[in-house]
Amino acid sequence: MINKWIKPSALLLASALAISLTACGSNNANNAVGSDHGASESASSGSAKGEKVTIELAISKSSQDYAFIKEELLKQFEDQTNIHVNVQMLPSEQVTTVLQTKLAVGEAPDLVPYNLASAVNDLNLERNFEILDDQPWVSRLLNKDVLSAYGHVYGFQLSQDAGIQGVVYNKDIFKDLNISIPKNYDELVAAAEKIKASGITPIYMPFKDMWATNIWMGSAFADYVSKNDPTFWDDLNANKKKWTDMPEFANIIDKQYQLYKKGLTNSDVLSDSYDMASGKFINKEVAMMFMGDWFINDLASKAPDLHLGLFPIPYAEDAKMGASPVGGQLFIPKKAKHMEEAKKFLEFLASKDVAQKIVNANKFVSNFNDVTTPELPEYKKEIVDNYITPKKTVVTSDAFMLVDISEEYRYYQDIFAGGKTPQQALEAWQKKFAQLMKDKGAAGF
Amino acid sequence: MRISKNLYSYYLIMPALLIYVLFFVLPTVVGLFYSFTDWRLDRESVHFNGWYNFHTIFSDETLLKALRNTIVFAIVTVIGKNLFGLVLAVALNMKLKTRNALRAIFYSPSILSIMVIGIVFTPMLRADGAINKLFEAVGLGSLTQAWLTNPAIVIFTIAVISIWQSAGFQMAIYLAGLQSISKEYYEAATIDGAGSWKSFRHITLPLLLPAININVMLTLIGGLKVFSEVFVLTGGGPGNASQVVGTIILRSFGEGSWGLGTAMNTLLFIVVTIISIPLLLYIRRKEVSE
């Protein structure tokens, strides 16, 4: 008899304990939020009276060299305003997840450095972040577009130096073999053949890293669209057009693949990765790679006597240089607990003297009309003079995407594994793209 | 007296039960609930969407391929790990001088981190890597392969690496089983004129069934839940050639489709249960007591 009730009562007790534990948890959380609110209220009113306020800036551990979190800079800010910036380091591989969670539960930090395009995709920029159109520094911006989405300024950055993408090439090899920069696809093939004849691998494709398959397409698609159908990306995102509606896309994909088929690349493209590229360039084993200027920047300190340059992806005549959106902008979450103080930090960074100091130290291409751009390294100067100033750049296709596009890279990789033709890759991606857009709830899908 | 004794045993299981309910039963039930919703990172609210997630799984070519790869991987590794584990155990149960050293050597891969295995094997399995060079050196040049980049064989390559890693662990369990078999049976069988195969077939195998049971279950469930081997060696590539359910779940979460990822997880749970419970009952029925 007694045994009979022991089982259910034990279960009951267990569940009661479980419930009380969870209840405790939420109670505590509520209390924490409540007391935090209290703290923030007293803090913001306190800051006027000169009491110290602490604002939180959450950043990936891999970005610890980020220009806006240098210790002396934060100290100067604190001395001037009595606002302390607390830098939270997030584990690199979990940044997105941690930020998504923090934003979702309303525990947002006050400042978040992120990439604008990724913020649109990963962090739901429009819903989660403050529009900064009315900030005093906005009127001094040279290029508002690099900080804007949905027609509003969301991000803050002193630099307008986008990640420029094209063909990274070894200038010395080109000079020794008397090769000029290829201006179209045939010239690229001819140059590559000449390099191959000299015993150097002409093009290095690090396609074990699937994202690297997309550098060629990212720039070439964008250039083609900007010249032939400027509203294509909008139509694509509204489901009025499909990836397969652009017959030239399959040709562009195939042109990259043919370089491999012709034996103008490393032989095992699917086993070679991006982190092997530095060594290959330093040892002068390879002459070209479809990549961005960040690669040249990274190598500059490792191999100062290596002369690398960048030219546009020559899929066709007169192609423009691909430009990915400026990275490392600061965003303020709508749910930031210290909105005013966070905005003050941006004002501080934008103030002429501070901005000039940061721009000089980091060799930024300045985005403020009263802050001058310092002397740039040679490769960057060439890019600025030949492509950025004459506006011969085009924003890469990835920047227009509203969903995760890594599956697109996988289909490109599959072409090299012999699993798909370029046309099949596009068809498969269109299907996946429509699915992702539908799941996202995008209008028209 | 009886009552307090009974209650006493319940007090003891209470902490474990609580943790089990809180961290396993509760998430499983909640997961089941979310697999029927459109739970997403960029949605304010969560709605029921019926069988939509499951419909998506069964109409998506990549997801089906992942399901197929998972089952292939599980079958190959269950057979490979148990066969090699058993052979090693029987061999190292004999009176060899180097027995203990050999046992340690064969067991050692299973203490390696999967990251280390990935770093060691990836360069060896390249088209111009050590394995192909070895084949060429011994005149088997025709067997060279792009082990990790040929879509047709990549899942088998990963399975073989997994077998290499854990056969030693299976060996340890079989060894324990072998040592619990009394020598008297073998002596009696020898007197009756049984050879070594007959002793193995009629004494070792039946009495080893509990060990076989646990090994098959462990390798099967491990095989169906495969993730780290694939993630470290290929990331599911090239293309989607080596995707398994585990890597697809990760991808779904990365795409923000939390509901879909949870549905895949639920499906995996069901598949593991459906396959393992009947198998468990079948092998258990065959077990004999000494």
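Chain identifiers are assigned alphabetically (A, B, ...) following the order of the sequence lines, protein sequences preceding nucleic acid strands; residue numbering begins at 1 within each chain.
- Here Ile155(B) contributes atom CD1 and Thr234(B) contributes atom OG1; the two are 7.5 Å apart, rounded to the nearest 0.5 Å.
- With a 4.5 Å cut-off on side-chain heavy atoms, Met14(B) and Tyr11(B) do not count as touching.
- Proximity of the aromatic rings of Phe33(B) and Phe48(B) is defined here by a centroid distance below 6.0 angstrom, and this criterion is met.
- Counting heavy-atom pairs closer than 4.5 Å to chain A, the top residue among Pro151(B), Ala152(B), Gly259(B), Ser257(B) is Pro151(B).
- Contact annotation for Thr62(B): only side-chain heavy atoms (C-beta onward) come within less than 4.5 Å of a heavy atom of chain A.
- Ranked by heavy-atom pairs shorter than 4.5 Å toward chain B, the options Lys431(A), Glu407(A), Lys208(A) are led by Glu407(A).
- Counting only N and O atoms by type, the side chains of Glu136(B) and Asn132(B) include no donor and acceptor under 3.5 Å apart.
- Of the two parts of Ser252(B), neither the backbone nor the side chain holds a non-hydrogen atom closer than 4.5 Å to a non-hydrogen atom of chain A.
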Output, in order, the C-alpha distance, side-chain angles, deciding distance and verdict of salt bridge (charged side-chain N to carboxylate O under 4.0 Å, His left out) for Glu427(A) and Lys420(A). CA-CA 10 Å; Glu427(A) 281 163 12; Lys420(A) 283 191 172 65; over 6 Å; no
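- When the candidates Leu270(A), Leu123(A), Val269(A) are compared by the number of heavy-atom contacts under 4.5 Å with chain B, Leu270(A) comes out ahead.
- Of the two parts of Asp272(A), the backbone and the side chain both hold a non-hydrogen atom closer than 4.5 Å to a non-hydrogen atom of chain B.
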